[in-house]
Number of protein chains: 2
Amino acid sequence: MPFSNLESRRFKSIAIADLAFPAREGGYSKGHETREQILSSALHLLVEEGYSALSMRKVAATCGLKIGNLTYHFATREELIRALLDALISAYEVEFDAILQFTDEAPEERLAEVCGLILEDIRTKKTTHVFPELWALSNHDPFVLERVQELYTRARRSLLEIIRELRPDLSPQCHEDLALFISASMEGLTVFAGYRKPFEGRMDQLERMAIQSFLRIVQIYQPASS
Amino acid sequence: MPFSNLESRRFKSIAIADLAFPAREGGYSKGHETREQILSSALHLLVEEGYSALSMRKVAATCGLKIGNLTYHFATREELIRALLDALISAYEVEFDAILQFTDEAPEERLAEVCGLILEDIRTKKTTHVFPELWALSNHDPFVLERVQELYTRARRSLLEIIRELRPDLSPQCHEDLALFISASMEGLTVFAGYRKPFEGRMDQLERMAIQSFLRIVQIYQPASS
DNA sequence: ACCAATTTAGGACACTTGACAAGGTTTGTC
DNA sequence: GACAAACCTTGTCAAGTGTCCTAAATTGGT
């Protein structure tokens, strides 16, 4: 029963910062403050009411600003939203890069750990609410598509390393495919067992099942013979 | 190599109707025609430009109607969208119910078949574009959440039957969890290997991998000992 | 052929949206 | 304390939104 020691995780949880702001250059500190306040309010609005609620006026109202002031900091809605997505996605990337540091345990343990962390994040309101919006947007906005896929590329990196270790006999392409499949499987659970979803309560069992399943497929997978 | 006979599928593809319209009752036939035309145009708009493009005026323009006429058939935008989602989701449900008829082969084969059909559907533009919108909407609209989850309940039915057959020793709850996990895994691939997604070209390998993985986890899964 | 039920046309209303411009206020620096 | 850059307020604009209303045209059954 190699999967039962979830409680012994070295990293009990990840606390992904809401947003990662780029280092400031120029301008007064007050300006940067309000800029961050704007993006925070925008994120809050996105999480609570969805993408369609992200109007300039609502954002301005949420953080107690006049519209004119908002357009001073972000001239267009487009600009604001791009800045928001950048800060949002960067925050996840920072965290995923940190996960890459886990190198001292057996690969089986690390797989369980990484998957556990991701599945834990999926249950948060922020992730459950934001990512479906991003997925939907990416269908019509190449910028979003590219940014989101770049995020997932980073998310797969830690999986890739583990898979390589477990199956050095497979081709890099196979490693990629396995990491992709595992990552996609977990993302899919968002819709069913994410925050306030019907099967939120079954996430513990699903996590056990998922990790068990992922470990198995990595161990036994054989690419098509042809 | 029990998974290699994808080409021997009995049902080479499913052609999910775009929309399933309820039987008409009362009214002239012309009225029903335009009603269906409206919903078809709305679906087209939803797929091509996303949910935010679903304005009354755009829908009216797309099917060459005046706004006044559109509001005659659907008094409010809300009403139109609900009718659209109903027709849309019904179309999938009709198809999923049809899959339940596959009962003459071995459960292993049927699992591969059902998963193959679902993964095939995921690659269509319609499904790739519509479902992320639905997932996003379901976060803020209980009506959509309920309708979507009802759809997935039906989608899992065929999986449930197969899993029951393969593992009669497990509890119904375990059967549910397995079906849920498998279904969620496949849905997750939408974002990565759906229509015009970066890994669309790897869907064949992913499908093999998925089916292989799903069969294994069903065969070996053991619930937590406690 | 008629007529009532149904469908279409066209426009009007009140409101929100993103964007802009011109002026006023704060902030840091010399 | 002057001065310029940064920041904020206020008001306005055209375009787009959902909803409603009235009158004309079409339809299907008699």
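In what follows, chains carry the letters A, B, and so on, assigned in the order in which the sequence lines appear, proteins first and then strands, with residues in each chain numbered from 1. Atom set for the values below is all heavy atoms of this structure, side chains included, hydrogens, waters and symmetry mates excluded.
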Query raised in the report: Does a side-chain N or O from B/Lys66 land closer than 4.0 Å to OP1 or OP2 of C/dT8, or not?
Result: no

Query raised in the report: Are OP1 or OP2 of C/dT8 and a side-chain N or O of B/Thr34 less than 4.0 angstrom apart?
Result: yes

Nearest-angstrom distance from the residue atom [atom1] of [X] to [atom2] of [N]:
| X | N | atom1 | atom2 | result |
| --- | --- | --- | --- | --- |
| B/Arg35 | C/dT8 | CZ | P | 12 Å |
| A/Glu33 | D/dA6 | CD | C1' | 14 Å |
| B/Leu70 | D/dC21 | CG | P | 17 Å |
| A/Glu79 | C/dC20 | CD | P | 11 Å |
| A/Asn69 | C/dA22 | CG | P | 18 Å |
| B/Leu65 | C/dA9 | CG | P | 6 Å |
| B/Phe74 | D/dT17 | CZ | P | 18 Å |

Contacts of type salt bridge (charged side-chain N to carboxylate O under 4.0 Å, His left out), residue [X], not counting sequence neighbours:
| X | value |
| --- | --- |
| A/Arg154 | A/Glu93, A/Asp97 |
| A/Glu176 | none |
| B/Arg156 | none |
| B/Arg202 | A/Asp177 |

Requested in this report: Going by the side-chain contact (heavy atoms from CB on, under 4.5 Å) test, name the single residue among A/Ile163, A/Leu111, A/Ile118, A/Val114 that passes it with A/Ser158.
Outcome: A/Val114

[X]: ring-ring contact (aromatic ring centres under 6.0 Å, His included) partners, not counting sequence neighbours:
| X | result |
| --- | --- |
| A/His44 | none |
| A/Tyr221 | none |
| A/Tyr152 | B/Phe192 |

Report task. Check the surroundings of atom CD in B/Glu150: do more than 12 heavy atoms from other residues, nucleotides or ligands lie under 6.0 Å from it? Result -> yes

**Report entry** Along DNA chain D (nearest heavy atom to each residue), the more 5'-positioned of A/Tyr72 and A/Gly64
**Finding:** A/Tyr72

**Report entry** Nucleic acid contacts - residues 39-48 of chain B versus DNA chain C, non-hydrogen atoms under 4.0 Å
**Finding:** none

Query raised in the report: In the 5'-to-3' direction, what one-character label does each nucleotide of nucleotides 14-19 of chain C receive under the scheme B = base within less than 4.0 Å of a protein heavy atom, S = sugar-phosphate only, - = no such atom?
Result: ---BBB

Query raised in the report: With sequence neighbours excluded, what pairs up with A/Ser213 under the side-chain hydrogen bond (donor to acceptor under 3.5 Å, both in side chains) test?
Result: B/Ser213

Check: residues 47-60 of chain B side-chain donor-acceptor pairs under 3.5 Å, at least two apart:
from: B/Glu48; atom 1: OE1; to: B/Lys125; atom 2: NZ; distance (Å): 3.0
from: B/Glu48; atom 1: OE2; to: B/Lys125; atom 2: NZ; distance (Å): 3.0
from: B/Ser55; atom 1: OG; to: B/Lys58; atom 2: N; distance (Å): 3.2

Which protein N or O atoms sit under 3.5 Å from an N or O of nucleotides 22-25 of chain D?
none

Report task. Output the single nucleotide from D/dT10, D/dC8, C/dT7 whose closest atom is nearest the side chain of A/His73. Result -> D/dC8

